[in-house]
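Data first, discussion second: the structure below is written as structure tokens.
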Amino acid sequence: MKEDKALWSGRFKNAPEELMKKFGESISVDWIFYKEDIEGNKAHGKMLNKIGILSDEELVSIIKALEEIQGEIETGEFLPKESLEDVHMNIEHRLIEKIGDLGAKIHTGRSRNDQVLTDYRLYLKKEVKELKMLWAALMETLLKRGVKDVDVIIPGFTHLMHAQPISLGHYWMAYFWKFQRDHQRLKNAYMSIDANPLGAGALAGSTLPLDRQYTMELLGFGKNTENSLDTVSDRDFLLDLQYALSTFMIHSSGLAEDLILWNTQEFNYINLPDGFCTGSSMMPNKKNPDALELTRGKTSGVVTGLFNLMMNLKGLPLGYNRDLQEDKKPVLENLKNVKMVLSVLAQVIEGIEVNKETVRLHLEKGFLLATDVAEYLVMKGVPFRKTHGIVGGLVQYGEETGKDFKDFSMKDFKRFSSAFDEDVYDLLSFENAVNRRNTLGGTAKEQVHYQIKEGWKILQQEKKE
Ligand code: ARG
């Protein structure tokens, strides 16, 4: 067979321009699907045999040739050609080269439009399984840090200002739950991915009695797609995946930002592990939090990948359009980056050392116990809105005199409200403040332990699935 001749060239008088070949190729991206393409070819061949289009001997020769092709690819003996456009044409072309006319039977009842989706969906199922394992490992790291740091009290922030004291374990668990929801989104994406498109043909199905149920079973898909026209144009499964990856990255970027701040000289709450920081080419003093900065930075690329795909799909006429060939790069790139971020974050979080002394000093700033004092007055029968004003006055007084609540005399307290009693001093401990927030989902030690217990249960369940 003439090497450069496209398998679709029959109706053409002239060969494609060299520029068109360069412009139209997708082999530089989709060669990554070679295994799935071969798997799809085998299943399609078996089905053609089942419905009487290929004889048993023909099927045996085709399967044998396909396996040889896989070997040739893996040893580097067979390299794809750009002139053959994509992975499908390269493998089919090689099959025909090897077994002649028999190879030319494999594309019966099939189009690249359903073939590319078969490859892509099979490939993504494996990728999502790998992602799920990395995800679970990160969530496990957070659970372990939750246990380790449950007694470390840090200032909790709103508006990046000291608000109320919280357990550091509670902080880690906040990210556990965010990642758990992202993980759920990933599982939803898996369900959209797990449908057999093979048999949809170019757009309308086939005049041949293709057995889609059989290819579905052979390829291990959970179901068949319902409508051939929908099938060849549907890229929702990619949007679902990109969305799950994007929310994960948005969450990760926030976590990275906190850790970058906590690692600064100004905060100095934590030390990041050396192995995930880099130095400066000029300043010998530097240890920069590059792994976390890159996590923050790569978020824009991942979210752009989601938008890229959305823009590609907007307003497309129904059916396959070549625009859809551009659906791979943004997804493959995102998978690569998210897999790295999942591993990097788990290792960074595991390696963090907390500077407990410094954190303790920070707790003294910003009247973190103001809400506790206001709620104390509520329990003495003062309406909350009034207590808010009273404690606001105390804070102002404290700021003017440079004193904290615990430095106030009973007389000081009484000047602001006669409802204050000696027992107010019992409140003024950060441990008490944290552990008294014992509402469901609150920061009290008991609640954090409960969350961790629930988290483990979910994770064990996920691992079984
Ligand atoms: N390489 C193409 C893709 O990735 C294959 C699909 C079909 N091409 C075609 N001209 N109908 O989408």
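Order of appearance sets the numbers: ligands from 1, and atoms from 1 within every ligand. FYI, the numbering just counts along the sequence from 1. Basis for what follows: all heavy atoms, side chains included, without hydrogens, waters or symmetry-related copies.
The nearest heavy-atom contact from the protein to atom 3 (C) of ligand 1 is Y320 OH, 3.3 Å. Of all protein heavy atoms, the one closest to atom 5 (C) of ligand 1 is D86 OD2, 3.5 Å. Among all non-hydrogen protein atoms, the one lying nearest atom 7 (C) of ligand 1 is N113 OD1, 3.2 Å. The nearest protein atom to atom 2 (C) of ligand 1, hydrogens excluded, is given as Q325 OE1, 3.2 Å; this is a heavy-atom distance.
Listed by number with element, the atoms of ligand 1 under 4.0 Å from a non-hydrogen atom of S26 are 1 (N). Atoms of ligand 1 found under 4.0 Å from any heavy atom of R112 (numbered from 1 in listed order, with element): 6 (C), 7 (C), 8 (N), 9 (C), 10 (N).
By the 4.0 Å N-to-carboxylate-O rule, K287 lies close enough to D274 to be salt-bridged with it.
Remark: the T278 side chain and the D290 side chain contain an N/O donor-acceptor pair separated by less than 3.5 Å. Defined by atom type and a distance below 3.5 Å, a donor-acceptor pair is present between the side-chain atoms of N355 and N268. A donor-acceptor contact closer than 3.5 angstrom is absent between the side chains of Q447 and Q451.
A cation-pi arrangement, defined by a distance under 6.0 Å to the six-membered ring centre and an angle within 45 degrees of its axis, is present between R121 and F237.
Within the structure, ligand 1 has K328 among the residues with a heavy atom less than 4.0 angstrom away.
Considering backbone and side-chain atoms alike, H88 places every N or O at 3.5 Å or more from each N or O of ligand 1.
We find the CG-NZ distance between L59 and K42 to be 10.5 Å, quoted to the nearest 0.5 Å.
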